[in-house]
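Scroll down for the structure; my scribbles are underneath it.
Every chain is numbered from 1 and lettered A, B, ... according to where its sequence line falls, protein lines coming before strand lines. Values below: every heavy atom of this structure, side chains too, minus hydrogens, waters and symmetry copies. No experiment lies behind these values; they were computed from the predicted model shown.
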Protein chains: 2
Amino acid sequence: MDYLNPNVPLDYYHDNCPTLMALKLVNQKWKLPILWQIGLHQELHYNQLKRQLIGITNTMLAKSLRELDGDGLVLRHQFDTTPPTVTYALTDQGKQLLITLEGLREFGEIG
Amino acid sequence: MDYLNPNVPLDYYHDNCPTLMALKLVNQKWKLPILWQIGLHQELHYNQLKRQLIGITNTMLAKSLRELDGDGLVLRHQFDTTPPTVTYALTDQGKQLLITLEGLREFGEIG
DNA sequence: CAGGATCCGTCCCGATACTG
DNA sequence: CAGTATCGGGACGGATCCTG
């Protein structure tokens, strides 16, 4: 709780504070639901995933998955068949993040 | 981890899932820093708070404080003097939320 | 001292259409 | 099957100025 120094602008912390960095990983509409679904099924194909997430568009799903992959939360497995097959699974980090966020769930239920 | 039902659109969960609700409380640029600062000092005047948060504008600080108050995370104490004096403190919920988010800090440090 | 009002740029997100 | 390309609206955040 000692992240803020009066002489440093906030943007510095947004790029360095671990808590804010962790929050940024899931601060987009579909990211957490995507992580939940993958965690729930261990491994999912792109279209399987899309069917679970009612209302999501290809644009958002593909973009979110790319970012989650880049952030090391999900693992993309591509099989070079025709038609192509891709599956997504959680990394250990992704699993750890979901576990950590369970703490928030209890809070939300109280409030 | 069983929040998502294939037959229900996501917006429903955004308004009902405790985890997403808890996340929404702090999913704005200055909210968490504001909570940290108040928690750090127990109680702060508006301008004291503003001086700690380098770069924040009156618009954002006042708006964030109003919302945090409305969400039950901070407590606004107004003294009808001239000039007016207002102090902000954390509610028990606000304190609890900060404690919970400490879990995220550990995660961010690993990643 | 503690804000409110207004304007404005940016980025998130959705809709639609197309592809190796 | 698993995406990409493009367009557009709306919310979020910042800048500036004003006030009881």
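In the region residues 60-84 of chain B, proximity to DNA chain C at under 4.0 angstrom, judged on heavy atoms, holds for B:A62, B:R66, B:R76, B:P83, B:P84.
Close to D:dG3, at under 4.0 Å from its OP1 or OP2, lies a side-chain N or O of A:Y88. Close to D:dG14, at under 4.0 Å from its OP1 or OP2, lies a side-chain N or O of B:K29. OP1 and OP2 of C:dC1 both lie 4.0 Å or more from every side-chain N or O belonging to B:H45.
Judged as a salt bridge (charged side-chain N to carboxylate O under 4.0 Å, His left out), the pairs with a partner in residues 31-48 of chain A (not counting sequence neighbours) are, in order, A:K31-A:E67.
With contacts defined as side-chain heavy-atom distances shorter than 4.5 Å, the pair A:R76/A:R66 does not qualify. A heavy-atom distance below 4.5 Å is not found between the side chains of B:I56 and B:L49. Side-chain atoms of A:T85 and A:Q78, non-hydrogen and from C-beta on, never get closer than 4.5 Å to each other.
The listed nucleotides are D:dA2, D:dG14, C:dA15; the one nearest the side chain of A:V86 is D:dA2. Nearest nucleotide to the B:W30 side chain, out of D:dG14, C:dG3, C:dG14: D:dG14. Listed candidates were D:dA15, D:dG3, C:dG3. Nearest to the side chain of B:T57 is D:dA15.
Protein atom CG of B:L32 is 17 Å distant from nucleotide atom C1' of D:dG13, rounded to whole Å. Across the protein-nucleic acid pair, A:N27 atom CG and C:dC11 atom C1' stand 14 Å apart, rounded to whole Å. If you take CD1 of A:I56 and P of C:dG14, they are 8 Å apart, rounded to a whole angstrom. Atom pair B:I34:CD1 and C:dA2:P shows a separation of 15 Å (rounding to whole Å applied). A straight line from NZ of A:K31 to P of C:dC12 spans 9 Å, rounded to a whole angstrom. We find that CG of A:L44 is positioned 14 Å from P of D:dC1, with the value rounded to whole Å. The distance from atom CG of A:L53 to atom C1' of D:dG3 is 16 Å, rounded to the nearest whole Å. When the P atom of D:dA11 is taken as reference, atom CD of A:Q28 falls 18 Å away, rounded to whole Å.
Rounding to the nearest 0.5 angstrom, the gap separating the CG atom in B:L101 from the CH2 atom in B:W36 is 8.0 Å. Distance check, rounded to the nearest 0.5 Å: CG of B:L40 to CG of B:L98 gives 10.0 Å. In this structure, CG on A:L65 lies 7.0 Å from OH on A:Y46, to the nearest 0.5 angstrom.
The backbone N or O of A:H45 sits less than 3.5 Å from a side-chain atom of A:Q48, completing a donor-acceptor pair. Proximity of a side-chain donor or acceptor of A:T91 to a complementary backbone N or O of A:G72 within less than 3.5 Å is detected.
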Pairwise N/O distances under 3.5 Å, protein to nucleotides 5-10 of chain C:
unit_1 : atom_1 : unit_2 : atom_2 : d
C:dA5  : N6     : B:T59  : OG1    : 2.7

